[in-house]
There are 6 protein chains.
Amino acid sequence: MTKPHYGPPDGLSVPRFSGIRTFARVPYSQDWANADVAVFGVPFDNGTSFRSGPRFGPSAIREMSHLLRRTHPVHGVDIFGTLSVIDGGDLATTPGNTERSINQIADQLEPVIAAGVRPLVLGGDHTVVLGELMAHARVHGKLGLLLLDAHTDTGDTYFGEKIHHGSPFRRAIELGCVDPHRTLMVGARGGVYTDHDRAEPRSWGIEIVPCEEFRRWTPAEYGERARKKIGDGPTYLSFDIDVLDPAYAPGTGVPEAGGISTAEAFDFLRALAGVDLVGCDIVEVAPQYDGPGQITALAGATVGFELLALAAIAKLKRTGAAR
Amino acid sequence: MTKPHYGPPDGLSVPRFSGIRTFARVPYSQDWANADVAVFGVPFDNGTSFRSGPRFGPSAIREMSHLLRRTHPVHGVDIFGTLSVIDGGDLATTPGNTERSINQIADQLEPVIAAGVRPLVLGGDHTVVLGELMAHARVHGKLGLLLLDAHTDTGDTYFGEKIHHGSPFRRAIELGCVDPHRTLMVGARGGVYTDHDRAEPRSWGIEIVPCEEFRRWTPAEYGERARKKIGDGPTYLSFDIDVLDPAYAPGTGVPEAGGISTAEAFDFLRALAGVDLVGCDIVEVAPQYDGPGQITALAGATVGFELLALAAIAKLKRTGAAR
Amino acid sequence: MTKPHYGPPDGLSVPRFSGIRTFARVPYSQDWANADVAVFGVPFDNGTSFRSGPRFGPSAIREMSHLLRRTHPVHGVDIFGTLSVIDGGDLATTPGNTERSINQIADQLEPVIAAGVRPLVLGGDHTVVLGELMAHARVHGKLGLLLLDAHTDTGDTYFGEKIHHGSPFRRAIELGCVDPHRTLMVGARGGVYTDHDRAEPRSWGIEIVPCEEFRRWTPAEYGERARKKIGDGPTYLSFDIDVLDPAYAPGTGVPEAGGISTAEAFDFLRALAGVDLVGCDIVEVAPQYDGPGQITALAGATVGFELLALAAIAKLKRTGAAR
Amino acid sequence: MTKPHYGPPDGLSVPRFSGIRTFARVPYSQDWANADVAVFGVPFDNGTSFRSGPRFGPSAIREMSHLLRRTHPVHGVDIFGTLSVIDGGDLATTPGNTERSINQIADQLEPVIAAGVRPLVLGGDHTVVLGELMAHARVHGKLGLLLLDAHTDTGDTYFGEKIHHGSPFRRAIELGCVDPHRTLMVGARGGVYTDHDRAEPRSWGIEIVPCEEFRRWTPAEYGERARKKIGDGPTYLSFDIDVLDPAYAPGTGVPEAGGISTAEAFDFLRALAGVDLVGCDIVEVAPQYDGPGQITALAGATVGFELLALAAIAKLKRTGAAR
Amino acid sequence: MTKPHYGPPDGLSVPRFSGIRTFARVPYSQDWANADVAVFGVPFDNGTSFRSGPRFGPSAIREMSHLLRRTHPVHGVDIFGTLSVIDGGDLATTPGNTERSINQIADQLEPVIAAGVRPLVLGGDHTVVLGELMAHARVHGKLGLLLLDAHTDTGDTYFGEKIHHGSPFRRAIELGCVDPHRTLMVGARGGVYTDHDRAEPRSWGIEIVPCEEFRRWTPAEYGERARKKIGDGPTYLSFDIDVLDPAYAPGTGVPEAGGISTAEAFDFLRALAGVDLVGCDIVEVAPQYDGPGQITALAGATVGFELLALAAIAKLKRTGAAR
Amino acid sequence: MTKPHYGPPDGLSVPRFSGIRTFARVPYSQDWANADVAVFGVPFDNGTSFRSGPRFGPSAIREMSHLLRRTHPVHGVDIFGTLSVIDGGDLATTPGNTERSINQIADQLEPVIAAGVRPLVLGGDHTVVLGELMAHARVHGKLGLLLLDAHTDTGDTYFGEKIHHGSPFRRAIELGCVDPHRTLMVGARGGVYTDHDRAEPRSWGIEIVPCEEFRRWTPAEYGERARKKIGDGPTYLSFDIDVLDPAYAPGTGVPEAGGISTAEAFDFLRALAGVDLVGCDIVEVAPQYDGPGQITALAGATVGFELLALAAIAKLKRTGAAR
């Protein structure tokens, strides 16, 4: 008996605008044993400091992800032929209780990761990454981190709360989940409270590349710098949609003018081909602030497509298969 | 071993904004044997004559249906305790081929109906009702019909096409699926091409109550008139969202100013308590034309709640259970 | 050689979503000699005191007017068979110069009215009615006036300007165009600056019926009161879209909560059947504030349909033709 | 030296679209000694269970409140001539910490109330009413309550949290701030979890009038029932914008189809003329879900106008002044 | 008697927001004999595979085209002084019948082309280009093709249908209307079903330049490559608005993140100065998905301005006139 | 006693979504004596030639400006620590009377400027700059001018009116307020009426750099060219939001496709570090045309942040303080 291989139905036999909204139209399933990648929504947004709303992010990204097709033409990889992909639905969280929610996220993801599945998480606000990193660290140990984000999210307390969408990486480092010396953050821009906001995380070992500089990098430079920084250990990638300029991603909670385009983001991500991420996420899509064209949700879904392509390439590399 | 009973998760243990978007958060399933009601989407809109878009209606209604709760306080009935309800997903249709699509709808619904399940269909444009009526007629024979709609949809050819969203009831009568003498249409308004548009279907036996008159009826009058017209045979109810005024349902393809409110619609539907419908649908929700508040999709979802309540009451009556 | 009769193309041979946007798809023409009614846009909004934008009202109303059909089912009149209707395009005005614009409106409309055509004007803000009334008065003498509006528009200067969208009827009375003793204003609501705002125009002879009272009238009462007030002389009707509640007409500049519904408005207008208006307008549609469903523009277009029906009935009555 | 009297500038000398956004353009001030009414925003929404967003409610209501004028034509009262009104700005709360926020609200309002000022609070989600009621009870003792709301907000824990936007009145009663026997709740509708949801608060003495019944009341009936229920003690009024139908108030977090219109709401509120409320609020306006016409914010602002009119009438009655 | 020369009215004597919505405010006319260019709308969208809606594209583009002025400052050409331009209105098509519609398009355009007019077509979905190419081929013979598009539109059947918006160029080549060896397609991006999707049309002789490569070309390179590919024969240009990034063109049916900007598109088109196109189109503008700023429609209108500039330059070159 | 220093509250003690909407949450004050910079709104838009609406620009920019933080990380300057900044509210203007409004603007700003305050004005349409320039010239004499704008705004009469949003710089030069030989205009694009539109202002001495050329400049080139052109005299900077591409700034009245990005705009502005502007403005933000993400208002607010940074750097330079 052959193992099941999960993927989307044929776009020419079931119209892409049809079907229950799972990511990329893959089956809704909890069959971790037979999946390479599982997509999860985490509709949690109690950590937002300006506009709230990303609790509806997973739904919006899934809606637009129905546009996705099988094959990545730049990498030349048949993503859904290579990977068995399922949508595991939304993780349970507790509205109004951030700490408990983070632990719930960690507890739900840990067995999935332990089963060898690579999770792709759709946020939710950036607070949720803390639960993800905890789960990965339990399985893989201390992680390297690639962050694309308009903010470094290394702040401290916010109105006395330790855990919120501006602090997850500080907490992850405190908890020993993330190695700051293997952490590269790109895209930071906009005003800061004080110079200390960036100086402090740099003092821990994090490399922070402001957007003004990052926009001048070539994709190859990014690929090289990222590989050098993360080294050989297990690495996680977090994509905050607000790294994109508000023209490309209006639907987010703390937009910062002056970001990169989706085309540039894709170029940078493609430069990571061969990197074998243990997990990744796309956070801070707030569809209330997206326009009728839903371009933020589309950007989020397409970043998911790029991340799946990286996973497929990594699998082919691991298994020695030709692309 | 007990039979499974399907319903939504507890709103106090899983937040209502969470989860894969099925109708009212019930399970996505094809277990017809253990369901009283199955909800289906039919994302088909090739039959539209002005604004298109209801191919995204099922998705939008499901999104807003997550607000629904278990119990109907006016009828005093625990809907999901009484009924086992599943979401059967979207039916397959063929974009660009209306006739084939109608047959596909009929063929997919027939075995579900034959298994004793009552389908609740989310359109799609009104063309889809033809396939539904064909399926029901195959199982139940000629049907009585209750229509709430701003248009009678009894037109003839449109640019040479026989099947489109303005003609389904003419075709259903021609095919012997619907008995015009057991058909009550309420809510028609707006300009007509000629007086013949209403005179002809009346000549077949259909009772057409224009909205100007209908708005002056009490719910009790409607309940009485409907029962009298449909008699004892199997009866189908079709709810075109455009029976509502554009203030209540802006998201539709052929809006007509001067309709009824959702409160009035609910009052009318509640007056049917005890009528045992073989099936029903909610059509013509076009979310592109809905505003950010998504009130049309909410109205559609809540009409679904009212129709489920009718199904629950009918089941309690059939099974002799006390409410 | 027969005279031309102008009307829309057949909706079953040219789709209603097709064609250059004229009102109700009638020909764009200046053939006053062969028209009963000419529709004009007046894209002028320099007179607005809160939100501006009705300069785009004519375009928006024309867009939604493509939904209109030939025959009014309540009156039972074939509107476009009875009336020869053209769209005369937009009148020239001078942005930034209100007084000159009013005179331009009057000068352009006068020969049309003198030719026996009944103009239906699409505003623009309510300032434009002053130009219309001047033109009508030049041809017909002092006019009776039926106003449906959330405001009485009988204010005096606004920042030193005498002519603006809050003062047209004061100016029209001063100029002798309108007879206050033959003037009925219904629908006024919302706060006022002082009690004097309504007391003064009442002292001139105008009958002002606040919306709170008007909502309790039957259509028949309105028809009777209107006929009694206007008597036998030439009469003009002005429909400010803000007489509708913001739920029905969000797209306007000075919305006032607590208005009437479109269904109620239609009932009131239908009660005027037999009144032979010399002209009429629909003003203050500001599509920037309308939602994606464009329900304000649709309401405006449908009010136009009702007003055309009144014109058709009046013509049938004048010409002694049976309906 | 005369005491200052605070009110809006003249709408004919400063355009209403101009100026820093305070409620109704009154001065931003903390001069409690010279104010009859102080308006406060409470931009807190951590208690929401479906759509979040009312943290931006105060800003949106203030924006549309610039449309308001001085005098209420139905009551015939010069509101801003009668009352000295200031905008006290936004109260401090702690994002992410509901309990602390409630206490902050109470602590900030208490001295204002003790100074004899009547606060009009703009929410924020309905959680904030708990802090308001605590403050009022500290000064006035146990309160009577008039609630207009689509929900009774008498629920218990939500995911283990005791304080959220579905429970404030249960908590206020537990704390002895509100007397259930002097509490009238109107407008409840939509599904419930169980029948217990309404039976339990009724068992405490609260009178709950479902919307289906409430819609059939005359304003006079409401005025009479409300007066009878609240008796002579100090009384608070809370207006949840979702008591309005979604057509009138799409911009809210838990919309329920089948509500009342703004015109009906105003009629009900006007029937309370003479009742001397110690304070009141307007909550759950979520502008993210409002359309471009901002009709929900306008409805909220106009409810504020009605509540100010009640305050003016009560002051005139207290001081024996003629209206 | 001089021949008429058609163009827009003076923007300083008729405000640009005024007038019946024709393209760039040129006259609505069928006087082919006196026109260099005729603009046509083709409001047909039965061929869409994801979001529908471009049936309203011609109306939306015309609305925003009122912003256009006479002279192109980069080319230094007085477009409307050089060219006599009319708006021929919308072509008739048959909703729901794609094949018949294509033939109608061809039959209506053929005599216009035969009269020496260059048509500029506003879609509609990309299916309509097939009818256009058929008409041009009947007059001019086999055509060269320049395509700017996020998709190659060289697919085969879609649900059994041969003609849809993903297949027009395959069909045009099969019918001998287009020479694949004289065809350059730029801008393709996003996922594909299989590698075959691009390999097959390349095997026919088409040059396909993916967007990732195209974005790195200079305008001069594009001009050179295009000229080389199309050679000397008659050439058609088709501009699918989705070649633009969704940030620049959200209002389209199958948006693909990662496209070019409007500024880049204009640069590329300007590099074609001197190329004498027999016809051109702008397709897939779906205004339902555009935001309130209508930037997609504006982009479409401005692309039209660029294409008219190319036509003017070509005419000056043909007639030997100095610019 | 120390002088007051005005700035925003701490974002960690008052949430940024809280508080009366002043620019960047600084105090609303008229204490010119203790302010370095005063922000003013000028909600005037009678000068618009296409879409109106910027009368609501100040409100929208203030709303989004609440996102701003203290410190500019690229310049490394603590803006609000360096500068004492107040929001002076909105200037009085006269709706419908452009000339009087311009004089009002000048008269209100003059004493502020004379007190040594640098005003940052939020428009309003571009007409308002004329009043600003008059005020500055009265205090400082003839000004140099840096303009970033899609239009040169050097037109002449518009429908007989001399002062409108297309002519302010012609008028300012005529009045001797601006020195054309010290004027650099960048970003002009889109069609023109005739070549004369640019040739004439160039003949006066103005340097006009079309957007097509400007986009190819490096920031350093801009900084150098600007410094060279303006020389040593007092200089004013005017930022018309439409210099940005419509993808970045859809909410404006006369959008022109093909503009620069916000990132590019910031780079250019940063290249002016050290230039000591006497005043500046941000005009033509029309929030009606902005999407739900309000990215145009955010862009406007962030340009304000950049301009404040320039003012802070200039102050540090003037006062010899180290950054």
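Lettering follows sequence order; numbering is per chain, from 1. All values derive from a computational prediction rather than experimental measurement.
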(message) Please determine whether side-chain contact (heavy atoms from CB on, under 4.5 Å) holds for the pair I20(A) and D90(B), giving the CA-CA distance in whole Å, both sets of side-chain angles, and the decisive distance to 0.1 Å.
(response) CA-CA 7 Å; I20(A) 293 290; D90(B) 284 351; 5.7 Å; no
(request) Find the distance between CZ (R55(A)) and OG (S18(B)) and round it off to the nearest 0.5 Å. (result) 11.0 Å
(request) Could you tell me which non-hydrogen atom of F17(B) sits nearest to which non-hydrogen atom of P95(A), and how far apart they are? (result) CZ-CG, 4.0 Å
(message) So for atom CD, which belongs to E99(B), do other residues, nucleotides or ligands contribute more than 12 heavy atoms lying within a distance under 6.0 Å?
(response) no
(request) First locate atom OH of Y28(A), then atom OH of Y28(B), and finally report the distance between them rounded to the nearest 0.5 Å. (result) 12.0 Å
(message) Please classify the contact of E63(A) with chain B as side chain, backbone, both or neither, using a heavy-atom distance under 4.5 Å.
(response) side chain
